[in-house]
**Q** 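Following this message is one structure expressed as structure tokens.
A note on names: the letters A, B, ... follow the listed sequences, proteins ahead of strands, and every chain is numbered from 1. All heavy atoms count here, side chains included; hydrogens, waters and symmetry mates do not.
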Amino acid sequence: MYFLTALVCALVSGLLWFLFRKRTQLHLEVLTITFGAATLMWLVDVIYTAAEGEAPLTFTPLDGQIALFTVLGGLFLWLLVAFILNNREKKTA
Amino acid sequence: MACFVVSAAAAIGVGAAKYIVKHHEKKMALKGEEPKEYKFGSDVKWSKKLGYLEMALWGGSAVLAIEHLLHGEVSFVPPFLTAAGEGPEAVSEMLTEMGTVGVTMLAAIVTAWAIGVLIVDFFKFKKHKAQQAPEAK
């Protein structure tokens, strides 16, 4: 479930990055790259799980909790990195 | 079990490489030894390209670390990796997973990054050629 959530987040953030590409201060590339990388990593995990003969995608309450926390974690990381990068740009300007 | 550790370790290496490249680029710029003629891929600096790879590796590892934390495979107290305190069999299983799933994850991210860098360089090169064509006429 969290693989699908990360995939949706990567697509949405990628679309937002494209739409707001001129507003560089938003640093939406951080969000897109983070969720894109997580999607790719979970895709590998899904392939290995399927190769072992187990169910690759599960929809348990714990999976929902993980999906929620990973989205929140990704958003927090984006805010933190964007804050740092914007401050660094202000200092060098 | 701890497959994200491989990507996190690689991120540290890429971060170090990025700083070395950045230092070299600064040195070249100060000496005025920057390449004057346009070359394929010279539009975007290598330190920036490596920065994107570092971001992907850290971002992916951080998100996967949250998942592992909620699955109880990682903890905040030593030895941090739950399998490390469960005996040699669990450690062996963990290392096998890191060697297979973890390395494949790293390879997937590096491949995606390399493809992305090639695509961006190609479009920048095409744009440069298109700008040069009317000047030549």
Side-chain angles (χ1 to χ4, degrees), chain A residues 1-7 9-10 13-14 17 21 24 27-52 54 56 58 60-82 84-85 88 92, chain B residues 1-11 14-15 22 26 44 47-74 93 96-117 119-120 123:
Chain A
M1 185 181 183
Y2 35 87
F3 161 67
L4 294 175
T5 314
L7 180 65
C9 286
S13 54
W17 184 19
R21 61 188 178 278
T24 50
H27 289 289
L28 283 163
E29 76 277 5
V30 177
L31 199 60
T32 310
I33 290 172
T34 300
F35 283 124
T39 308
L40 211 58
M41 287 167 93
W42 272 325
L43 176 70
V44 171
D45 195 41
V46 162
I47 292 167
Y48 269 97
T49 311
E52 282 169 7
E54 290 172 38
T58 50
T60 59
L62 178 67
D63 289 334
Q65 209 180 339
I66 291 169
L68 178 73
F69 277 101
T70 48
V71 172
L72 290 175
L75 288 171
F76 176 74
L77 198 73
W78 166 58
L79 288 173
L80 189 77
V81 174
I84 294 166
L85 290 176
R88 196 186 286 171
T92 50
Chain B
M1 279 181 155
C3 42
F4 71 95
V5 175
V6 178
S7 298
V14 171
K22 207 173 186 176
K26 268 186 187 172
V44 184
S47 57
K48 196 174 181 183
K49 288 174 187 172
L50 287 172
Y52 282 126
L53 178 62
E54 191 191 5
M55 200 188 288
L57 291 169
W58 275 127
S61 303
V63 172
L64 258 80
I66 298 170
E67 184 238 300
H68 282 73
L69 197 67
L70 290 168
H71 269 143
E73 292 167 356
V74 177
E93 200 184 323
T96 309
E97 202 193 285
M98 281 163 78
T100 51
V101 185
V103 171
T104 316
M105 281 174 174
L106 175 64
I109 289 183
V110 173
T111 309
W113 167 79
I115 292 168
V117 164
I119 290 170
V120 170
F123 279 108

**Q** For residues A:A37 and B:I109, report the shortest heavy-atom separation together with the two atoms involved.
**A**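 In this case the closest contact between A:A37 and B:I109 is CB-CD1, 4.0 Å.
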**Q** Show your working on side chain to side chain donor-acceptor pair (under 3.5 Å) between A:Y48 and B:T104 and close with a plain yes or no.
**A** CA-CA 10 Å; A:Y48 269 97; B:T104 316; 2.9 Å; yes
**Q** Looking only at heavy atoms, what is the nearest atom pair of A:L77 and B:A62, with distance?
**A**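 That closest heavy-atom pairing would be CD2-CB, 4.3 Å.
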**Q** Look up atom CE in B:M105 and atom CD1 in A:I47, then write down how far apart they are to the nearest 0.5 Å.
**A**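 That separation rounds to 10.0 Å.
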**Q** Shortest non-hydrogen contact from A:G73 to B:I66?
**A**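 In terms of heavy atoms, the two residues are closest at CA-CD1, 3.6 Å.
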**Q** Picking from A:L68, A:I66, A:D63, what satisfies side-chain contact (heavy atoms from CB on, under 4.5 Å) with B:L70?
**A**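 Option passing the side-chain contact (heavy atoms from CB on, under 4.5 Å) with B:L70: A:I66.
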**Q** With a 4.5 angstrom heavy-atom cut-off, could you sort out which part of B:A108 is near chain A: side chain, backbone, both or neither?
**A**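 For B:A108, the contact with chain A is made by backbone and side chain together.
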**Q** So what's closer than 4.5 Å to chain A heavy atoms on B:S7: side chain, backbone, both or neither?
**A**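 For B:S7, the side chain is the part near chain A, not the backbone.
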**Q** At a 4.5 Å cut-off on heavy atoms, which part of A:L62 comes close to chain B: side chain, backbone, both, or neither?
**A**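 It is the side chain, since no backbone atom gets that close.
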**Q** Given that the side chain runs from C-beta out, which part of A:Y2 has a heavy atom under 4.5 Å from chain B: side chain, backbone, both or neither?
**A**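 Contact with chain B is through the side chain of A:Y2 alone.
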